[in-house]
Protein chains: 2
Amino acid sequence: MQSGPGSLILEGGTEAATPSFPDDGKNTIASQLVSRLREAIISGELEAGSKINLDRAKQSFNVSLSPLREALARLISDGLVEFEDNRGYRVSPVSLSNLEEITSLREEFETYALRESMRVGDVDWEGNVMRALHRLNRTERDAAKPETLEQWEAVHREFHLTLISGCRKPLLLSFCKTMLNLNDRYRRTFLTRTSGDRNVSVEHSEIAQGTVARDMDYACDRLREHIHRTGTNLRRHLAEKGIA
Amino acid sequence: MQSGPGSLILEGGTEAATPSFPDDGKNTIASQLVSRLREAIISGELEAGSKINLDRAKQSFNVSLSPLREALARLISDGLVEFEDNRGYRVSPVSLSNLEEITSLREEFETYALRESMRVGDVDWEGNVMRALHRLNRTERDAAKPETLEQWEAVHREFHLTLISGCRKPLLLSFCKTMLNLNDRYRRTFLTRTSGDRNVSVEHSEIAQGTVARDMDYACDRLREHIHRTGTNLRRHLAEKGIA
DNA sequence: TTTTGAAAAATCATCGATTATTTGTCAAGC
DNA sequence: GCTTGACAAATAATCGATGATTTTTCAAAA
């Protein structure tokens, strides 16, 4: 047995820093590429709708063709990449109708998952929700500092996923993650500042409070409004940039 | 331009039978493999939970490694295949809890999609629904003749997809298709006869009638019951075979 | 008997080269 | 000028071979 992820191995507690690989649990090149490509697409680094030239991608990521193709194939399921026989892969385009569908589905899926979580979630889950809320409230979001935006996105995403993580429906959770990914791409691409007429912190707090109080209707209504408002904001920003 | 799928080309109406490739629109080996593997898994030919040995699969499908891996990677999104770094691919296992989640999600997703379809669907869609119902009613299902079972499965699937095809939400439709695939695997594996206390034809007719009448509550209630009953039947058969 | 660990076998992952398809170019014909 | 079709370039798809990891085997030690 070799030193796998999380293994606690001998040699006098050296805690060796495993120099070669970053080890986010992804051993293979293909799996690392999935993460890197996903991040590149969600962040907008890879432009929406653009073709992914395999030769160029191969070079810019310093990998061979096989793991690159395999990673792209896996990303199709995330809705971030599209594929056509003999024409290769392209970054999924953005559009008003796509954004509207994502918003609608988030409203449906996440409220359903939240209701289920309140129905069957345990105390651990409640605690995770409060922790995620606290972290989110303590995370700064300053448009002037790009690194805070990325940090906030990660914590915000974690909050929404934690809310619904108690539902014990793994397929539903994976669909919600997919929708959240797609939604985050729109936000990170089109929305660097939050709308002035919203107090998003209060919205998050209300959702979380209602959730741990197991007030299903209240929590789900607040969550639905929250998602809907974000969708409306994004739609306006898309319209400003002339995206149909 | 070469003779693509559906192209109407010259040479005096020879309607050339394009001898070499079957042409379901899937040109590449990888894409054909996706279809073949999906069918093999849903039909139970590839056993649930079993490991997919790449060397053997390579031989039995007469293909090389690259398109095989790419096809399997794409199938992850269908929930039919699971993957772990350095341990390869395996057919997703079946379980009671998985079946229950699929049933729940079908109830939620398909009733939502049906409601949306009734809200925005056009006359073409209505016609498609009635046609799909008619075909389904005219398709025999005899446990003694396996080929009728397969035929019925295809027509039945088409009916359910047509019902919701008017909703103009492509992502939602793809999720529904995924759930339907997973559900069909359970039916084709565990349910060769239909339960005696059901008249499934009537159920389908009621759903379709309510749908084209745009009676949202009626149609959605009937659809939900229909899905729920199928789930209950399947659960019983799983229990009989000792599957937890 | 059970445990351990090194060597062998099996299997997975990746690479570089080759083949097939699509896209771009440009001159001939209308 | 516009279309057409052959050729060339670019790109995608596949293959066979090699490298890396996991699993199995089995003999030695406890």
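Labels below follow one simple rule: chain letters A, B, ... track the order of the sequence lines, proteins then strands, and each chain is numbered from 1.
The interatomic distance linking B:D85 (CG) with C:dA13 (C1') rounds to 10 Å, in whole Å. In this structure, B:R69 places its CZ atom 6 Å from C1' of C:dC12, rounding to the nearest Å. Note: CD (B:E84) to P (C:dT11) measures 17 Å, nearest angstrom. When the C1' atom of C:dA20 is taken as reference, atom CD of B:Q32 falls 14 Å away, rounded to whole Å. What separates CG of B:L72 from P of D:dT14 is a distance of 14 Å, to the nearest Å. Rounded to whole angstrom, the span from the CD1 atom of A:I29 across to the C1' atom of C:dA13 amounts to 8 Å. In this entry the distance linking CG of A:N86 with C1' of D:dT14 reads 11 Å, nearest Å. In this structure, CG of A:L68 is placed 15 Å from P of D:dT14, rounded to the nearest angstrom.
Side chains of B:I243 and B:H237 form no contact here, defined as non-hydrogen atoms less than 4.5 Å apart.
Taken residue by residue, residues 48-59 of chain A places heavy atoms nearer than 4.0 Å to DNA chain D at A:K51, A:I52, A:N53, A:L54.
Nucleic acid contact for B:T28: sugar-phosphate only, since backbone atoms but no base atoms lie under 4.0 Å from a heavy atom of the residue. Here B:S66 lies in heavy-atom contact (under 4.0 Å) with a base. Within the nucleic acid shown, B:F83 comes within 4.0 Å of sugar-phosphate atoms alone, with no base atom in reach, counting heavy atoms only.
Here the nucleotide nearest the side chain of B:S64, chosen from D:dG16, C:dA13, D:dT23, is D:dG16. The side chain of B:P67 sits closest to D:dT14 out of C:dT14, D:dT14, C:dT23.
Applying the ring-ring contact (aromatic ring centres under 6.0 Å, His included) definition to pairs two or more places apart or across chains, none involves residues 41-64 of chain B. The stretch residues 160-179 of chain A participates, sequence neighbours left out, in these ring-ring contact (aromatic ring centres under 6.0 Å, His included) pairs: A:H156-A:H160, A:H160-A:H204, A:H160-A:H226, A:F175-B:F109, A:F175-B:F175.
Both A:S31 and A:L65 lie near DNA chain C, and the one whose nearest nucleotide falls closer to the 5' end is A:S31.
Between the side chains of B:R187 and B:N233, no donor N or O sits under 3.5 Å from an acceptor N or O. Looking at B:S31 and B:R74, their side chains do bring a donor and an acceptor atom within 3.5 Å of each other.
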